[in-house]
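The residues of the chain are indexed from 1 along the displayed sequence. Every number for a ligand or one of its atoms is a count from 1 in the order of the listing.
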Amino acid sequence: MTPDRTDRNVFDGELLYPMGPILAIESSCDETACAILSAEGEVLAEKVISQEAHAAFGGVVPEIAARAHLALLPDLARKTVEASGLALHDLGAVAASTGPGLIGGLIVGANFGKGLAMALGKPFIAVNHIEAHALSARLPGVSKKNISFPFLLLLVSGGHCQCLAVEGVGDYRRLGGTIDDAAGEAFDKVAKMLGLGWPGGPQLEALAKEGNPAAFAFPRPLKGRAGCDFSFSGLKTALARQIEPYGNTALPRSVAADLSASFQQAVADVIEDRVRHAFAMMEPPPTTLVAAGGVAANGVLRASLTRIAAEHGVPFVAPPLRLCTDNAVMVGWAALEVCREARRLGLPMPDDRAVRPRPRWPLSDMRERFAMESESL
Ligand code: KG4
Ligand code: ZN
């Protein structure tokens, strides 16, 4: 049967790439993670270690992260293979986040993956970490109905804040992104100002439950502006100004709670406005609104996103938290999607041993993966 080259949602799937389960590695930030997925996308084993050494510094220290990945990864990979009940030679491929991210960790994960793939004589798939977030909602079982292209992705984490039109595997259009801080970064910095621990988002959300979201009239940066760029630094400064009068004295809990609730509401309002604009920028319209990244765990934000999706008559899907934050399951799934797309287009099984880890790796480059391979045929 000839693969359908026009409708990206159709796949005849009769011969699977890779020919066996895939071991996936994530090491682009401060999570060391491994997972094994069957070639059909069933999760056979997954393990993740969130590095704790960074908490004392109030943020991720790249050098510490790289050393920790190096110390943790070999044993974690071994334990993941054991937990899957498979032997190493049963694997059909190895994949790793190869960018964007902190270069030290990327080098550790990608080189470990390449070394193992070479030793096993199996292909290595270099996964773009943002692409992995983008496709994670399509993992079997995440939503009741399979999410088809095109869909609108809001990616909000400690390092990323952007809206993407996901038009197909390898085909991503950036609709807008942050011009200063990422959403999670803003949560973390504000939480630090309020004397909360790190990462701050979950603690700020918990404290906000005791506060009044209308207590402080914080700005809504870029709200109503054309496009869907984001900005959070002005909001952070506005909050710092409210704290100043307290000097070195501890903030009363009720004030900290009101500040948290008002800040959280401002962030949710801004994101709601930006996502409305993103909807208007997509033609054809998206089938689904998807949110991913750690901040997608936020209840107030989820409520806004559910409302916008309903207004547009599409479902809102946020993968479960363990798939929203950095994990290796999404890396394995993205690798399978890339392999399936290659198969659908009649291209050979990809092998990316020559792809170097990259701290920056724009999603627009992913379009070339299939175009280049088709030219070289
Ligand atoms: O995706 P993630 O685990 O790591 C990366 O940054 O890649 O996201 C972590 C970020 C942190 O900034 C954390 O404060 C934020 O997500 N976060 C939240 C919540 N849970 C995690 N922000 C707001 N509300 C939450 N409930
Ligand atoms: Zn991430």
Is the count of non-hydrogen atoms from other residues, nucleotides or ligands lying under 6.0 Å from N212 atom CG greater than 12? yes
Take atom CZ of R356 as the centre, draw a 6.0 Å sphere, and report whether it contains more than 12 heavy atoms from other residues, nucleotides or ligands. no
Looking at T325, which atoms of ligand 1 are within less than 4.0 Å of one of its heavy atoms? 1 (O), 3 (O)
same_hphob_cluster(V127, V142) at 4.5 Å side-chain heavy-atom cutoff: yes
Can you tell me the protein heavy atom closest to atom 6 (O) of ligand 1 and the distance? G158 N, 2.7 Å
Return the closest protein heavy atom for atom 26 (N) of ligand 1 as residue, atom name and distance. E205 OE1, 2.7 Å
Are L73 and L37 grouped together when hydrophobic residues (ILVMFWY) are joined by side-chain heavy atoms under 4.5 angstrom apart? no
Hey, what do you get for CG (L135) to CD (E341), rounding to the nearest 0.5 Å? 10.0 Å
Quick one: name the protein N/O/S atoms under 2.8 Å from the Zn ion (ligand 2), chain by chain. H129 NE2, H133 NE2, D326 OD1
Does even one non-hydrogen atom of C29 get within less than 4.0 Å of ligand 1? no
Taking only heavy atoms of G184, which atoms of ligand 1 are found under 4.0 Å from at least one of them? 12 (O)
Identity and separation of the nearest protein heavy atom to atom 4 (O) of ligand 1: D326 OD2, 4.0 Å
For E31 and I49, what are the C-alpha separation, side-chain angles and deciding distance, and is it a side chain to side chain contact (heavy atoms under 4.5 Å, CB included)? CA-CA 6 Å; E31 259 88 29; I49 301 174; over 6 Å; no
Among G101, G294, S28, closest by heavy atom to atom 19 (C) of ligand 1 is G294
Atom indices of ligand 1, in the order listed, that fall short of 4.0 Å to a heavy atom of G159: 6 (O)
Between H133 (side chain only) and H129 (backbone N and O only), is there a donor and an acceptor less than 3.5 Å apart? no
Would you say that more than 12 heavy atoms from the other residues, nucleotides or ligands in this model lie under 6.0 Å from the CZ of R78, or not? yes
Report yes if P199 has an N/O atom closer than 3.5 Å to an N/O atom of ligand 1; otherwise report no. no
Let's go through D352 and R369 carefully: what are the C-alpha distance in whole Å and the side-chain angles of both, what is the deciding distance for salt bridge (Lys or Arg N to Asp or Glu O under 4.0 Å) to 0.1 Å, and is it a yes or a no? CA-CA 10 Å; D352 299 329; R369 180 192 265 279; 2.7 Å; yes
Side-chain heavy-atom pair V156, I271 within 4.5 angstrom cut-off: yes
Among all the protein's non-hydrogen atoms, which is closest to atom 15 (C) of ligand 1, and how far away is it? V295 CG2, 3.9 Å
So is G293 polar-close to ligand 1, meaning N/O to N/O under 3.5 Å? no
Please say whether more than 12 non-hydrogen atoms of neighbouring residues, nucleotides or ligands are located less than 6.0 Å from CZ in R302. yes
Can any side-chain N or O of R367 pair as donor or acceptor with the backbone N or O of G170 at less than 3.5 Å? no
Using heavy-atom distances, let me know which of V190, N298, D30 sits nearest atom 24 (N) of ligand 1. N298
How far is atom 18 (C) of ligand 1 from its nearest protein heavy atom, and which residue and atom name does that atom have? G201 CA, 3.6 Å
Does CD in E311 sit with more than 12 non-hydrogen atoms of other residues, nucleotides or ligands closer than 6.0 Å? yes
When you compare ligand 1 with H160, is there at least one nitrogen or oxygen pair between them that comes in under 3.5 angstrom? no
Answer with side chain, backbone, both or neither: which part of D188 has a heavy atom less than 4.0 angstrom from an atom of ligand 1? side chain
